Protein chains: 2
Amino acid sequence: MAAQTQRQPTASYRTPPVHMDPGEVALETALLALADPVRQILVRELAQAGDWERQCGSFDVPVTKATLSKHFAVLREAGLLEQRDAGAKRLNRLRRAEFDARFPGLLDLVLRHEGAS
Amino acid sequence: MAAQTQRQPTASYRTPPVHMDPGEVALETALLALADPVRQILVRELAQAGDWERQCGSFDVPVTKATLSKHFAVLREAGLLEQRDAGAKRLNRLRRAEFDARFPGLLDLVLRHEGAS
DNA sequence: CCGAGTGTACGTAAGCCATCGAACACTTTG
DNA sequence: CAAAGTGTTCGATGGCTTACGTACACTCGG
């Protein structure tokens with residue numbers, strides 16, 4: 001039955017992303033993560049998309065790849081983001097439920113406060 | 001009766017504190033203000049006391065007067081604090097209702113998340 | 001009126017954070 | 001196999017924030 005004729009993308013050739021348990025995130029960490037304007041954009045775009053739908057490079061943000069990569073790391077540290085490797089791409093998911101359980105209302109506040117206002 | 005036998009303290013001999021309208025505070029400003037550990041202490045102590053009950057020097061924080069003064073300015077800028085002069089002292093009030101109207105749930109979140117945990 | 005008390009402004013030093021370019025590793029496309 | 005694509009890491013840089021000590025201004029209590 002045509003085993004291994006279809007090459008699966010390597011799940012993870014690089015060091016897999018380190019994830020923080022949202023239940024153990026400090027309030028200060030969460031607030032700092034959400035305070036940054038660039039990260040607010042990321043979170044909002046993630047909220048509009050479905051899980052694992054967006055890859056890292058697909059976000060409309062005014063910074064370079066390197067900086068963007070750092071922002072993702074911060075969001076992970078804050079328990080806001082889960083990432084998974086799929087070949088060369090890295091897919092993203094907003095940890096909405098988990099984060100909400102830890103800090104009820106906080107994420108919603110950021111999502112609601114779109115474009116300054 | 002007995003008019004001016006009791007000397008009223010000068011309301012304001014120095015430049016009165018500048019206050020920000022909570023309705024116009026940016027989300028980023030609010031989050032940054034509340035992210036700092038020292039300011040979290042201030043906000044929590046203020047929440048436990050009544051309005052105009054505490055003077056600036058009465059807070060139990062591990063910083064000098066000068067630094068403390070700066071923190072109060074940040075809280076004012078974030079629409080979290082109202083200050084009023086009474087002689088040499090400056091009295092404080094947490095702008096709970098106003099801030100809550102602007103960012104529902106945010107202040108409560110900080111107050112609830114006492115001592116790290 | 002003099003000394004203690006209260007709080008701000010200024011100048012400064014240290015630390016942190018966002019940012020970038022360049023180099024790298026591996027995948028995907030052709 | 002080569003070239004383009006994806007994303008991370010490193011080192012350097014610039015700016016902002018926190019912090020302190022000092023000096024200042026004024027009030028309050030004797």
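Chain letters run A, B, ... following the sequence lines, proteins first and then strands; every chain starts at 1. Here the structure is a predicted model, which means the values were calculated and not measured.
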To the nearest Å, how far apart are [X] [atom1] and [N] [atom2]?
X       : N      : atom1 : atom2 : value
B:Asp36 : D:dA19 : CG    : P     : 6 Å
B:Gln40 : D:dT18 : CD    : P     : 12 Å
B:Lys89 : D:dC28 : NZ    : P     : 8 Å
A:Glu77 : C:dA18 : CD    : C1'   : 17 Å
A:Arg84 : D:dG7  : CZ    : C1'   : 17 Å
A:Tyr13 : D:dG5  : OH    : C1'   : 10 Å

* **Evaluation steps, side chain to side chain contact (heavy atoms under 4.5 Å, CB included), between A:Thr67 and A:His71** => CA-CA 6 Å; A:Thr67 303; A:His71 279 302; 3.7 Å; yes
* Taking 4.0 angstrom as the limit, do B:Asp51 and B:Arg96 come out as a salt bridge? ->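 So B:Asp51 does not pair with B:Arg96 through a salt bridge.
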* Which of residues 54-76 of chain B have a heavy atom under 4.0 Å from DNA chain C? ->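 Heavy-atom cutoff 4.0 Å gives B:Gln55, B:Cys56, B:Gly57, B:Lys65, B:Ala66, B:Ser69.
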* Asked: So A:Phe103 and B:His113, would you call those rings parallel, tilted or perpendicular, with 30° and 60° as cut-offs?
  ->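 Because their plane-to-plane angle lies in the 30° to 60° range, the rings of A:Phe103 and B:His113 count as tilted.
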* **Residue pairs involving residues 31-55 of chain B (criterion ring-ring contact (aromatic ring centres under 6.0 Å, His included); sequence neighbours excluded)** =>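 Matches after skipping sequence neighbours: none remain.
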* Look at B:Arg14 and C:dG7 and indicate whether a side-chain polar atom (N or O) is within less than 4.0 Å of OP1 or OP2. =>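 No, no such contact exists.
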* Asked: Is any side-chain N or O of A:Arg90 closer than 4.0 Å to OP1 or OP2 of D:dT8?
  ->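 Answer is yes, contact under 4.0 Å.
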Pairs under 3.5 Å (N/O, protein and nucleotides 12-16 of chain D):
none

* For B:Leu80 and B:Leu34, which heavy atoms make the closest approach, and how far apart are they? ->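 For B:Leu80 and B:Leu34, the tightest heavy-atom pair comes out as CD1-CD2, 3.7 Å.
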* Considering all heavy atoms of both residues, which atom of B:Ala88 and which atom of B:Arg14 are nearest to each other, and what is their separation? ->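 Answer, listing the atom of B:Ala88 first, then B:Arg14: O-NH2, 3.0 Å.
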* With the side chain counted from C-beta on, respond yes when B:Gln83 and B:Cys56 share a heavy-atom pair under 4.5 Å apart, and no when they do not. =>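 B:Gln83 vs B:Cys56: side chains touch.
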* Does the side chain of A:Gln40 reach to within under 4.5 Å of the side chain of A:Asp36, using non-hydrogen atoms? ->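 A:Gln40 vs A:Asp36: side chains apart.
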* Any chance you could measure A:Phe99, atom CZ, to A:Leu81, atom CG, to the nearest 0.5 Å? =>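 That separation rounds to 11.5 Å.
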* **First encountered from the 5' end of DNA chain C, between A:Arg39 and B:Gln83** =>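 By nearest-heavy-atom nucleotide position, the 5'-most residue is B:Gln83.
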